[in-house]
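Written below as structure tokens is the structure these notes are about.
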4 protein chains.
Amino acid sequence: MPKIVDHDQYRKELLTKCFDLFATQGYGAVTMRQIAKELGVSTGTLYHYFPSKQALFWQLYDELNERDTASMNAVLNNTHTLEERITAIFDYTAQNEDYFFKQFLITSDFYQQQDRTEILANETLRRNYESNREFVVKALGTDDPAVVNFAMCLATGVIVVRLFEGDVVAYDQQAQLLNKMLTLYLQEASLKD
Amino acid sequence: MPKIVDHDQYRKELLTKCFDLFATQGYGAVTMRQIAKELGVSTGTLYHYFPSKQALFWQLYDELNERDTASMNAVLNNTHTLEERITAIFDYTAQNEDYFFKQFLITSDFYQQQDRTEILANETLRRNYESNREFVVKALGTDDPAVVNFAMCLATGVIVVRLFEGDVVAYDQQAQLLNKMLTLYLQEASLKD
Amino acid sequence: MPKIVDHDQYRKELLTKCFDLFATQGYGAVTMRQIAKELGVSTGTLYHYFPSKQALFWQLYDELNERDTASMNAVLNNTHTLEERITAIFDYTAQNEDYFFKQFLITSDFYQQQDRTEILANETLRRNYESNREFVVKALGTDDPAVVNFAMCLATGVIVVRLFEGDVVAYDQQAQLLNKMLTLYLQEASLKD
Amino acid sequence: MPKIVDHDQYRKELLTKCFDLFATQGYGAVTMRQIAKELGVSTGTLYHYFPSKQALFWQLYDELNERDTASMNAVLNNTHTLEERITAIFDYTAQNEDYFFKQFLITSDFYQQQDRTEILANETLRRNYESNREFVVKALGTDDPAVVNFAMCLATGVIVVRLFEGDVVAYDQQAQLLNKMLTLYLQEASLKD
DNA sequence: TATGAATGAGACTTCATTCAT
DNA sequence: AATGAATGAAGTCTCATTCAT
């Protein structure tokens with residue numbers, strides 16, 4: 001039994017080490033030999049842990065989604081106001097920007113290999129999205145779907161624009177603006193009730 | 001005299017026809033033979049017009065950027081209020097969603113092949129971004145950089161989220177929300193003056 | 001009729017201009033496009049004058065042999081002694097070393113493309129060799145076949161060794177030695193009679 | 001553990017088997033597939049041992065030079081007079097004529113691919129030439145550079161002329177002539193002292 | 001005659017994958 | 001479990017040659 005745990009543990013370690021390679025070069029440009037070298041194992045060993053290059057990549061992708069779900073919740077500790085929470089999230093994003101860029105590029109690669117319908121049906125992805133959603137609900141203090149999506153789209157957009165265009169947008173600036181607008185909007189909305 | 005061909009004209013035609021192929025399969029998965037077949041020419045002809053696969057792809061990317069700059073401005077015709085203009089833009093995006101998805105995937109591919117600094121220095125890209133910016137300035141009726149970026153990031157985000165997550169966000173819903181928030185925000189801002 | 005002369009004349013001009021290309025790069029590394037460019041014509045034109053790349057090369061080779069036959073005889077003008085004639089020949093070779101190197105490399109290429117028996121049966125080559133032979137006979141003042149061959153092999157050898165090994169051998173030194181040895185040898189031979 | 005192979009040993013075996021192919025067809029006309037087939041391996045294996053076709057060819061060339069250096073010295077065993085030694089060398093050459101032809105054609109090919117200066121600086125080649133030189137010094141019993149070169153050029157020349165012209169020269173005939181001339185010349189030279 | 005766009009067979013090379021050790 | 005030599009299909013690209021103009 002312990003052997004099996006080790007095997008799986010080691011498999012995940014290998015996956016983690018592939019992340020940068022795939023993100024910076026793209027699936028098509030990375031070779032199994034290159035991966036093996038980077039990981040310090042032989043190609044044979046690689047095939048002992050993963051049945052194929054594609055399987056390796058998909059497992060990496062799944063692994064990514066699994067992890068993300070877990071890591072974000074600590075961000076909201078010690079935040080009391082809407083503004084603090086929004087700032088905390090954008091700060092966190094800014095500090096891990098490089099990771100988000102890479103995750104994003106890997107996701108793009110992943111989408112070109114899959115049937116669209118299969119992707120949207122994927123269990124892990126769905127769970128990941130839901131968990132992100134709940135996180136935003138908690139952060140904004142509202143579960144109005146439109147508002148939650150609004151914030152999620154904005155955050156995603158800032159990352160993507162920065163990846164493609166460079167420093168033309170600033171995290172803190174957008175955080176403040178979002179806070180301001182949301183505050184105004186939610187005030188108005190509460191007045192109507 | 002040789003066969004008469006407008007070399008540059010024909011080159012661009014070929015590029016246009018490659019768009020879908022690269023977008024749906026990804027740079028690495030598309031082969032020159034496949035492209036040739038799709039375009040109805042021989043591989044030799046392909047290499048007569050493009051020195052390499054990569055050059056072909058980069059030219060496609062440049063061509064895309066060149067075109068986008070031109071096409072958007074008609075969208076704002078017959079719009080009088082902020083709400084109308086925002087709606088018009090999101091409608092336009094919704095109707096061309098498939099194109100934006102593809103353009104987006106190609107851009108991702110492109111970014112994995114290039115040196116980051118070179119990309120950000122690229123002339124065409126810079127111009128393209130500036131032109132998009134001006135467009136948004138015109139649409140929103142404000143040139144407050146933070147606000148302009150806000151709208152651009154949101155729009156980008158909606159596209160990306162829909163590409164990756166499916167129908168979880170709706171264009172018109174986000175258009176309305178943006179309109180509402182902007183209106184409130186701009187009112188407030190004008191009160192301060 | 002005059003047209004035909006022009007055609008043939010032009011053909012030979014084209015051949016001449018190919019010489020360096022084939023000699024320096026080798027048959028296999030030279031492309032028809034490259035030749036066309038070098039000659040300042042189109043590939044189409046090239047094929048108007050030569051049915052194929054190989055035919056072009058073979059014609060070049062024949063042309064070379066035809067010319068060599070003609071050019072050497074002036075070398076012996078104003079020479080009176082054996083020593084003068086040997087010196088004149090080696091001087092001439094030294095001054096045209098580059099040409100001999102090239103001719104030699106082309107010949108090597110030619111030999112790898114042909115059936116050995118066909119080459120040795122080739123009319124032009126046979127004539128060329130005979131003419132060289134006669135030239136040496138005249139130069140040495142003897143028609144002893146062994147001696148004539150001896151001189152021819154030595155001369156060939158000096159060129160080849162210099163091509164492959166560089167300046168390790170000197171033309172004038174070998175000329176003097178050949179003169180000395182021949183003189184001694186021919187003296188001895190005449191004593192026997 | 002992987003299959004056990006003496007990498008370098010096997011590499012040299014593969015090289016040896018390529019010799020005929022390159023010599024008879026020429027570098028440009030030989031394909032990697034053809035080589036692989038001839039050697040009984042896959043093209044992949046070929047590239048496992050050699051990074052490129054050119055590298056393979058150059059290694060073959062180096063290998064040739066390395067070997068030649070070693071093989072000649074046995075020829076002079078049991079020879080006592082100058083005549084015997086000259087005869088032994090020319091006999092040896094005659095018996096291995098085919099090999100010399102091939103080595104020679106490969107050398108020609110090699111020279112067309114390289115920068116002249118680099119060739120002349122090549123370490124292996126220099127050593128090979130020196131070793132040939134010493135061999136001739138030993139054979140002739142003199143180290144007069146002019147005389148040594150004379151003999152080397154003659155030997156080279158006989159091979160080349162036979163390759164290009166066929167049986168017009170005979171090894172034994174030239175051996176006798178060289179012996180005669182050298183004897184006369186060296187006698188004369190010793191009288192002067 | 002002359003041009004050069006077009007062709008497509010085939011060259012070199014790579015790389016995911018297998019398998020003997 | 002681990003290794004890396006071996007495979008061969010397939011990719012990018014070249015180039016002699018053809019042919020419409």
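Chain identifiers are assigned alphabetically (A, B, ...) following the order of the sequence lines, protein sequences preceding nucleic acid strands; residue numbering begins at 1 within each chain.
- The nearest whole Å value for the distance from the NZ atom in A:Lys53 to the P atom in E:dT18 is 15 Å.
- The CZ-C1' distance, from A:Arg33 to E:dT18, rounds to 13 Å in whole Å.
- No side-chain donor-acceptor contact under 3.5 Å links C:Gln25 and D:Gln112.
- Across all strands, C:Phe50 comes closer than 4.0 Å to no nucleic acid atom at all (heavy-atom distances).
- In this structure, D:Ile35 places its CD1 atom 7 Å from P of E:dC12, rounding to the nearest Å.
- For A:Ser52, whose side chain is taken as the heavy atoms from C-beta onward, the closest listed nucleotide among F:dA16, F:dT12, E:dT17 is E:dT17.
- Heavy atoms of C:Thr43 sit under 4.0 angstrom from at least one base atom.
- Following rounding to the nearest Å, A:Phe57 (CZ) and E:dA16 (P) show an atom-to-atom distance of 13 Å.
- When the nearest nucleotides of DNA chain E are assigned to C:Thr45 and D:Met32 by heavy-atom distance, the more 5′-ward of the two goes with C:Thr45.
- The side chain of C:Ser42 contributes an N or O atom lying less than 4.0 Å from OP1 or OP2 of E:dT3.
- Taking atom NE2 of residue B:His48 and atom C1' of nucleotide E:dG8, one finds them 15 Å apart after rounding to whole Å.
- Using a 4.0 Å cut-off, no side-chain N or O of C:Thr31 falls inside it from OP1 or OP2 of F:dC15.
- We find that CG of B:Leu56 is positioned 12 Å from C1' of F:dT12, with the value rounded to whole Å.
- Side-chain N/O atoms of B:Tyr47 include none lying less than 4.0 angstrom from OP1 or OP2 on E:dT7.
- Between D:Tyr10 and B:Gly44, it is D:Tyr10 whose nearest contact on DNA chain F lies nearer the 5' terminus.
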Inset, instruction - Both distances under 3.5 Å, Watson-Crick or G-U wobble: on that basis, could you give the dot-bracket string for DNA chain E, with [ ] for crossing pairs and | for other-strand partners? - result: .||||||||||||||||||||
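- Considering every non-hydrogen atom in both B:Ile106 and B:Tyr61, the closest pair reads CG2-CD1, 4.1 Å.
- No side-chain N or O of C:Ser42 forms a donor-acceptor pair with one of C:Arg33 less than 3.5 Å apart.
- Scanning all heavy atoms of the two residues, the minimum distance from D:Ser52 to D:Tyr47 falls at CA-CE2, 4.0 Å.
- You'll find the ring centres of D:Phe57 and D:Phe50 outside the 6.0 Å limit.
- Take D:Asn128 and apply the side-chain hydrogen bond (donor to acceptor under 3.5 Å, both in side chains) test, not counting sequence neighbours, and it matches D:Asn65, D:Thr69.
- Between the CG atom of D:Leu39 and the P atom of F:dT7 there is a distance of 11 Å, given to the nearest Å.
- If you measure from atom OH of D:Tyr27 to atom C1' of E:dA11, you get 11 Å, rounded to the nearest angstrom.
- Between A:Lys17 and A:Glu13 there is no salt bridge, since none of the side-chain N atoms of the basic residue sits less than 4.0 Å from a carboxylate O of the acidic one.
- Nearest-nucleotide mapping onto DNA chain E: of C:Tyr49 and B:His7, the residue sitting toward the 5' end is C:Tyr49.
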